[in-house]
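In this chain, residues are counted from 1 in sequence order. On a predicted model such as this, the values are computed, not experimentally measured, just so you know.
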Amino acid sequence: MKLPRTTLILILLALGLGSFVYFYEIRGATVREEIKEQKQKIFSFGEDDVQSLTVKTKKLTLNLERNPESSIKTKWLIKSPISGPANDAIVSYLMDLLVKGNSDRTLSTPAKQLGEFALDPPQATINITLKNRQNHQLILGKSNFNGRFLYAQADSATKPDGNINVLLVSTDFANAVNRELSEWKQPVDNSQKLPGLSTPLPTPTNSK
C-alpha cells in the first residue's frame with residue numbers, strides 16, 4: 001500500500017527527530033559531561049608521574065621524593081628537614097587529592113585582589129615535580145564564605161586581560177598539608193623497636 005506523501009514526510013521527520021534526541025540528548029550529554037569533568041580537573045598528571053613534592057606551610061617546609069628502591073616497602077622518602085621514610089598513607093592522601101581533585105568553579109580575579117582570598121601570602125603551597133621534569137604548583141588560600149571550599153591557584157599565570165584564575169577546591173587539601181612533622185614520618189613499629197615485648201615471657205620455674 002502506497003503511503004500518502006504527507007504521511008511519509010511526517011514519518012521521516014519523526015525518525016529524524018528521534019535520531020537528534022538520541023545523538024544530542026543521550027550520547028551528547030555523556031560527551032558534554034566528560035568535557036565538563038575534564039575542565040574541572042585541577043591537574044591532568046597521574047600518581048605514577050610524580051617524582052617529588054614540596055609542601056610549604058606557615059610552620060613547615062617539607063621535601064618528599066619517590067623512593068628509587070622498589071624493593072623497599074615505603075614508596076616515599078622525606079629529604080628535608082629530616083631524612084627518613086615517609087608515612088605512605090599520609091602522602092597517598094595528598095597525592096589522591098592532587099591527581100583526582102576537581103575545581104568546583106573558577107573566578108577570574110585581578111592580581112591585586114589575591115590578598116582577599118589569602119593567596120598572597122597563601123596558607124600553603126604545594127610544588128610538584130614530575131618524572132619528565134615538568135613542574136606544577138597549587139597555592140591554597142582561605143575558605144570561602146560558607147566554608148565548603150578553599151580558594152586556590154593552580155599553575156597560576158596572568159591572562160591577557162591581567163586577571164588570574166582563582167579556583168574553588170576541596171577543604172580536604174588543608175587537612176592534607178597542615179600537619180606536624182611527626183605525622184609525615186613513617187610510624188614506628190614498636191615490635192621491631194622493642195624486640196621481645198611482642199612475645200610472651202617465659203613462665204618462671206621454682207627451684208628446689
Side-chain angles (χ1 to χ4, degrees), residues 36-47 49-66 75-84 86-185:
K36 180 181 178 183
E37 289 180 359
Q38 185 65 30
K39 286 183 178 180
Q40 289 181 333
K41 283 195 70 174
I42 301 173
F43 297 113
S44 60
F45 54 78
E47 180 177 351
D49 298 327
V50 179
Q51 177 62 32
S52 63
L53 295 169
T54 298
V55 179
K56 184 177 182 180
T57 65
K58 294 179 180 179
K59 297 195 300 184
L60 177 70
T61 297
L62 181 83
N63 293 305
L64 298 161
E65 191 170 299
R66 188 179 293 276
K75 291 170 57 177
W76 291 92
L77 300 173
I78 300 175
K79 305 302 289 186
S80 68
I82 61 171
S83 297
N87 187 326
D88 281 339
I90 297 296
V91 180
S92 294
Y93 177 60
L94 173 59
M95 188 67 65
D96 193 62
L97 290 171
L98 292 170
V99 172
K100 300 178 182 178
N102 291 329
S103 168
D104 183 71
R105 59 185 178 274
T106 302
L107 311 173
S108 184
T109 307
K112 64 182 180 180
Q113 295 182 5
L114 291 179
E116 298 178 12
F117 303 96
L119 290 167
D120 187 18
Q123 71 155 300
T125 302
I126 307 168
N127 291 306
I128 306 121
T129 301
L130 305 184
K131 292 178 180 177
N132 62 6
R133 300 301 179 184
Q134 287 186 2
N135 295 305
H136 296 276
Q137 185 181 65
L138 184 66
I139 301 173
L140 301 177
K142 67 179 182 180
S143 301
N144 70 332
F145 69 96
N146 60 14
R148 292 183 56 204
F149 300 100
L150 292 179
Y151 294 114
Q153 288 178 265
D155 293 339
S156 57
T158 303
K159 299 187 297 182
D161 61 3
N163 289 350
I164 293 177
N165 284 337
V166 175
L167 313 179
L168 286 174
V169 302
S170 171
T171 55
D172 289 340
F173 277 102
N175 300 328
V177 299
N178 289 316
R179 300 180 181 275
E180 300 294 334
L181 179 59
S182 59
E183 295 181 78
W184 291 102
K185 295 163 57 178

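- One finds the CG atom of N87 at 8.5 Å from the CD1 atom of I78 (value rounded to the nearest 0.5 Å).
- A heavy-atom distance below 4.5 Å is not found between the side chains of T61 and V55.
- Contact detail for Y151 and S143: the closest heavy-atom pair is CE1-O, 3.7 Å.
- Side-chain contact between V166 and L114 is present, with at least one heavy-atom pair separated by less than 4.5 Å.
- Side-chain N/O atoms of N144 and N146 include a donor and acceptor closer than 3.5 Å.
- Closest approach of P81 to L181, counting heavy atoms only: CG-CD2, 4.0 Å.
- Put simply, CZ on R148 and CG on D104 are 6.5 Å apart, with the number rounded to the nearest 0.5 Å.
- Between A176 and L94, the shortest heavy-atom contact is CB-CD1, 4.0 Å.
- Side chains of N163 and T109: no donor on one and acceptor on the other come within 3.5 Å.
- A pairwise comparison of heavy atoms in W76 and S52 identifies CZ3-CA, 4.2 Å as the closest pair.
- Note: D49 CG to L130 CG = 6.0 Å, rounded to the nearest 0.5 Å.
- Counting only residues at least two apart or in different chains, side-chain hydrogen bond (donor to acceptor under 3.5 Å, both in side chains) contacts with residues 166-175 comprise S170-D172.
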Could you go through the side-chain contact (heavy atoms from CB on, under 4.5 Å) check for V50 and K131 one step at a time?
CA-CA 6 Å; V50 179; K131 292 178 180 177; over 6 Å; no

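- In this structure the side chain of V169 never reaches within 4.5 angstrom of the side chain of F149, judged on heavy atoms.
- The residue from R66, K75, K100 that alone fulfils the salt bridge (Lys or Arg N to Asp or Glu O under 4.0 Å) condition with E47 is K75.
- Between I164 and Q153, some side-chain heavy-atom pair lies under the 4.5 Å cut-off.
- Judged by distance alone, the side chains of N165 and T106 never bring a donor and an acceptor atom under 3.5 Å apart.
- Closest of all the heavy-atom pairs between R179 and L60 is O-CD2, 4.0 Å.
- Contact of the I42 side chain with the F173 side chain is registered, since non-hydrogen atoms from C-beta on lie closer than 4.5 Å.
- To the nearest 0.5 Å, the span separating OG1 on T57 from CD on E180 amounts to 9.0 Å.
- Residues T54 and L64 are not in side-chain contact: their nearest non-hydrogen atoms beyond the backbone lie 4.5 Å or more apart.
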side-chain contact (heavy atoms from CB on, under 4.5 Å) assessment of L140 paired with V177:
CA-CA 10 Å; L140 301 177; V177 299; 4.1 Å; yes

Do any side-chain atoms of residues 115-128 form donor-acceptor pairs under 3.5 angstrom with protein atoms, and if so which ones, sequence neighbours left out?
unit_1 : atom_1 : unit_2 : atom_2 : d
Q123   : OE1    : N178   : ND2    : 3.0
Q123   : NE2    : G141   : O      : 2.6
N127   : OD1    : Q137   : NE2    : 2.8

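- To the nearest 0.5 Å, atoms CG (L97) and CG (N102) are separated by 11.0 Å.
- In this structure, L77 CG and D88 CG are separated by 9.0 Å, a value rounded to the nearest 0.5 Å.
- Across all their heavy atoms, L138 and A152 have their closest contact at CD1-CB, 4.2 Å.
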Pair I82-K185, side-chain contact (heavy atoms from CB on, under 4.5 Å): steps then yes or no:
CA-CA 9 Å; I82 61 171; K185 295 163 57 178; 3.6 Å; yes

